[in-house]
Trainee: 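Encoded as structure tokens, here's the structure I'll be asking about.
Reminder, nothing fancy here: chain letters follow the sequence lines and each chain counts from 1.
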Amino acid sequence: MLFNNSSSGKKKKNIKDSHDQEHATWNRRSFIQALGLAGAGSIMLGGTNVSASAPSPLSVALSQSENDNILVIIRLKGGNDGLNTVVPLYDYDTYANLRPTIRHQENELLSLSPDFAIPSYMNALESVWGEGNMKIIHGVGYPDQSLSHFRSSDIWASADAINDEQTGWWGRYFEDLYPDYLINPPEIPPAIQIGSIGNLIFEGTNSNYAFSVADPNQLANIAQTGGLHDVVNLPECVYGDKLLFLRAQTNTTLTYAEVINDAYMASSNQATYLQDDLSEQLAIIARMIKGGLGTKVYMVSLGGFDTHANQVNKQRGLHENLASGIKNFYEDLASEGYDDKVLGMTISEFGRRPYENGSNGTDHGTASPTFLFGAGLNGSGFVGAHPDINASAWDNNNNLVPTTDFRDVYASVLTDWFCIDPSVVNTILLNDNYQTLNLGLNCQGLSIPDFSNVSHFSHVATYRDNRTFIEINMQNTAHVEVKLFNILGQEMASLCNEVLTPGNHIIDVKTRANIRLAYGQYIYRINTLGQFYSKSILIK
Amino acid sequence: MILADFDTDNPNYINQWYLQTANDTVEGGLRARLTLFWMNHFVTELDSYGSYAPYMFQYYNLMQTHALGNFKEFVRAVGINSTMLIYLNGFENTSNNPNENYARELFELFTLGENNNYTQQDILQAARALTGYNHWDEPGAQINFDQSTWDEGPKTVFGSEQFYTYDELIDTLFELRETEIAQFICTKLYKYFVSHEYDAITQEDIINPLAQTLIDANFEMVPMLRQLFKSQHFFDDRALGVVIKSPYDVVFNYINEGNFFYNDTVLEYFVYYTGIIGQEIYSPPDVSGWQGDQNWINTASLLARWQIIELFNGYLFDLELQSQFIDLARELSSDSNDPYVITKAVVDFFNSKELFTEVRLSSSY
């Protein structure tokens with residue numbers, strides 16, 4: 001797109017298919033991503049008579065299954081060393097031999113069971129464990145672990161360890177929940193991340209569903225002073241896309257600022273948090289939750305776990321922050337009875353090498369424990385088997401072999417915490433079947449959803465030979481109406497208005513439109529079974 | 001000469017280097033821009049080396065020295081720089097106890113790119129070749145090589161078995177992987193100077209020829225950079241104004257473009273505020289550096305950008321320098337009295353392209 005003569009609508013003859021594909025992909029992504037965020041008001045599609053959409057069977061199922069449950073993801077960035085977090089007492093001598101310098105001495109440990117202990121300096125968690133609000137899943141990882149921080153972080157976010165998947169597990173869930181997000185975004189942000197470092201987790205093909213917050217106090221002014229910016233009349237080029245992105249970010253802020261600030265101001269912290277970064281992030285979230293914001297997923301992060309050297313002191317500081325932060329967070333939530341509504345879950349891109357490296361540290365490894373917190377766990381305990389730490393059991397890179405796939409953990413949380421039907425969970429986790437673990441979670445939806453008639457309707461724009469297609473996959477026979485809008489929201493053409501049978505249907509957009517369409521971005525909108533699905537599309 | 005107290009001196013020097021870096025950014029032109037680029041490529045973090053001012057300076061000096069130099073020699077120098085040896089644990093990487101941290105990032109982030117034609121075994125073996133830089137006369141002095149902690153055994157890297165001194169490893173890396181390295185670096189430079197978005201045509205017609213020029217010049221960077229900056233492509237309208245500015249670019253370009261007054265107070269504030277909105281210079285978030293462009297922007301940082309410029313404007317008013325704004329507006333609008341003309345002239349001046357807000361003035365909302 002960048003250097004291709006886009007405005008004239010003509011194409012150079014030597015342009016290759018691969019170029020077209022890439023062009024279409026990034027352009028669509030950047031455009032729609034922004035548009036999705038921008039669309040929170042009726043302003044964007046001002047020319048269209050947009051009505052609220054009736055829910056699809058799937059989204060009904062999803063929203064019926066919705067309960068008040070909340071997930072807080074705590075990202076331990078850099079690769080938390082698992083063996084010095086949960087020490088395998090049952091094989092202490094092997095552990096000690098692997099780590100003559102950096103091991104925890106036996107008298108520096110707090111036993112959670114005869115077999116496992118955490119460092120004494122994490123004693124803030126003692127009461128959390130004692131009250132039955134903490135579970136530890138052993139040996140979490142995935143096959144053929146990438147030892148790159150960046151690749152492995154992406155894998156944990158996308159749940160795809162093989163392909164370079166560009167959407168995150170939560171992004172895909174929200175895409176199912178809000179199929180018409182472009183035109184009708186929810187009134188509250190689906191996800192919130194604190195701090196400025198983005199992550200793939202909330203990325204969908206259409207939109208990023210997370211709202212970033214640094215300081216909720218700052219939002220007060222914005223809610224009062226902001227006016228929404230024009231995101232419609234922008235040129236079709238990279239510059240236009242960037243301008244659109246910036247304005248959409250502004251509009252998103254303006255749109256959600258008030259609701260977030262209101263929730264934040266409606267509550268106060270009822271625990272004495274320490275001053276560290278993680279505690280500050282958790283304190284903000286506690287206020288949003290107690291203030292009744294209604295957002296389902298939050299993410300905080302704590303960096304510094306890449307302990308190649310001088311691990312003992314570095315990890316101690318981080319673990320102390322984690323332990324005290326969690327204890328205070330749940331104390332705060334419990335003050336208004338939210339402690340059983342909030343599940344805390346740690347993630348880290350990998351664990352570390354079983355043996356120390358001579359720099360008083362550890363190199364990149366594989367499996368490490370995942371911590372879960374909250375009264376919803378119905379009791380403390382360990383889940384799964386600890387990886388065998390003996391050298392004979394290591395993989396080719398001298399690392400531990402994971403005993404639990406992290407996607408089993410995700411599947412369990414989606415199924416047993418958010419009450420999402422297993423078939424939908426499979427879709428979110430890219431159609432691989434993952435087991436659910438017994439985490440003690442009791443799924444209690446607001447109602448028992450009937451998934452028997454749920455079909456996973458799918459639609460996608462495809463580009464071949466300079467032509468644009470919409471492919472629709474029908475599960476059942478149904479009437480389908482597809483309309484094409486320009487970015488001003490004016491209806492340009494009806495592309496389909498007929499009964500379609502189960503199977504795949506391909507709509508050639510230009511042929512069906514039967515009018516001359518200028519090169520550029522459009523939006524198509526499908527109406528079937530009382531539900532709307534909208535997506536942006538590029539006409540060539 | 002009186003020896004001053006380290007605890008007093010060290011923070012003072014750190015502030016001096018912050019200021020110097022800011023000053024260079026305003027005044028230093030291309031070299032300064034490239035220096036910031038390299039500081040975000042060969043990343044170190046101030047905290048990791050104990051906020052020790054001499055290492056901060058040595059690192060900055062190295063980045064400046066090689067900013068327009070030979071990339072291969074740059075890589076060679078970075079790996080034995082004391083700051084980097086501390087940051088990625090080369091200092092602890094000995095023949096008895098190899099530490100693979102630097103070897104991994106040398107391949108993944110500094111030369112080849114993630115998973116681009118190397119293996120975990122290559123990393124382990126290369127780590128052994130990088131041993132020996134574990135010695136200093138006293139803590140905080142320059143880190144030196146000593147044979148006693150160098151792994152003298154044979155190592156196999158990229159399928160080639162040698163004894164591999166440090167220099168031999170770097171030579172082999174550039175010999176056996178020159179195309180991967182050149183394309184990786186040229187792509188990153190392209191994204192920094194032109195656009196984060198590029199297509200297969202651009203890769204083939206623009207970036208790969210730059211990489212070939214870099215290889216042909218034995219990794220001297222000036223011919224490659226000249227080729228980029230003098231190309232028609234670089235001045236193509238569609239290549240202008242498509243990279244979202246870093247916080248540093250926002251504030252220091254504003255000073256430059258408006259030709260506004262600034263002093264050390266302004267620079268210190270800008271260093272502080274840019275840190276708050278995500279670019280704490282000398283302290284990137286991790287070893288991969290800031291990802292740039294759209295990643296600078298989120299719902300929190302965008303608003304803070306506006307506030308910083310407002311604060312600066314307010315400061316100029318406090319100094320009773322508002323004439324600077326008036327003079328600029330007069331100059332840009334040919335001394336017009338029409339608020340529309342003046343506003344448009346100023347907006348157009350500070351933006352690389354128009355903002356396409358004309359329609360909004362006449363629209364219904």
Trainee: Just wondering, do B/Gln183 and B/Ile207 contact through their side chains at under 4.5 Å, heavy atoms?
Mentor: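 The answer is no; the side chains never approach within 4.5 Å.
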Trainee: Is there a donor-acceptor contact under 3.5 Å from the side chain of B/Ser48 to the main chain of B/Tyr87?
Mentor: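 No; judged by distance alone, with no hydrogens or angles, the pair does not exist.
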Trainee: Measure distances from B/Leu88 to the heavy atoms of chain A and classify the residue's part below 4.5 Å as side chain, backbone, both or neither.
Mentor: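 When you check distances to chain A, no heavy atom of B/Leu88 falls under 4.5 Å.
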Trainee: What part of B/Glu100 gets closer than 4.5 Å to chain A, counting heavy atoms only: side chain, backbone, both or neither?
Mentor: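 Contact with chain A is through both the backbone and side chain of B/Glu100.
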Trainee: Which residue is it: A/Glu356, A/Arg353, A/Arg352, A/His308? I am looking for the one with a side-chain hydrogen bond (donor to acceptor under 3.5 Å, both in side chains) to A/Thr362.
Mentor: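 Of the listed residues A/Glu356, A/Arg353, A/Arg352, A/His308, the side-chain hydrogen bond (donor to acceptor under 3.5 Å, both in side chains) partner of A/Thr362 is A/Arg352.
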Trainee: Report yes if the distance between the aromatic ring centroids of B/His135 and B/Phe91 is under 6.0 Å, otherwise no.
Mentor: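 No, ring centres 6.0 Å or more apart.
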Trainee: Considering only heavy atoms, which portion of A/Asn360 lies under 4.5 Å from any heavy atom of chain B: side chain, backbone, both, or neither?
Mentor: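 Neither part.
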Trainee: Taking the six-membered ring for Trp and the full ring for Phe, Tyr or His, determine whether the centres of B/Tyr133 and B/Trp150 are under 6.0 Å apart.
Mentor: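 No.
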Trainee: So which residue, B/Gln291, B/Glu105, B/Glu114, ends up with the most heavy-atom pairs under 4.5 Å with chain A?
Mentor: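 Looking at each option in turn, the highest pair count goes to B/Glu114.
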Trainee: Are B/His233 and B/Tyr190 near enough that their ring centres are under 6.0 Å apart?
Mentor: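 Ring-ring flag for B/His233/B/Tyr190: true, centres closer than 6.0 Å.
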Trainee: For B/Asp293, which atoms come within 4.5 Å of any heavy atom of chain A: side chain, backbone, both, or neither?
Mentor: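 The side chain, not the backbone.
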Trainee: Do you know which of B/Asn89, B/Asp237, B/Asn101 has the most heavy-atom pairs with chain A at a distance under 4.5 angstrom?
Mentor: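 That would be B/Asn101.
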Trainee: Counting only non-hydrogen atoms closer than 4.5 Å, does A/Asn357 touch chain B with its backbone (N, CA, C, O), its side chain (CB onward), both, or neither?
Mentor: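 Backbone plus side chain of A/Asn357, per the 4.5 Å heavy-atom cut-off to chain B.
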Trainee: With a 6.0 Å cut-off on ring centres, are B/Tyr248 and B/Trp290 close enough?
Mentor: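 No; B/Trp290 has its ring centre 6.0 Å or more from that of B/Tyr248.
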Trainee: Specify which of B/Glu108, B/Glu92, B/Arg104 makes the most heavy-atom pairs with chain A at under 4.5 Å.
Mentor: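 Top option by heavy-atom pairs under 4.5 Å: B/Arg104.
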Trainee: Please state whether the side chain, the backbone, both or neither of A/Leu243 comes within less than 4.5 Å of a heavy atom of chain B.
Mentor: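 Side chain only.
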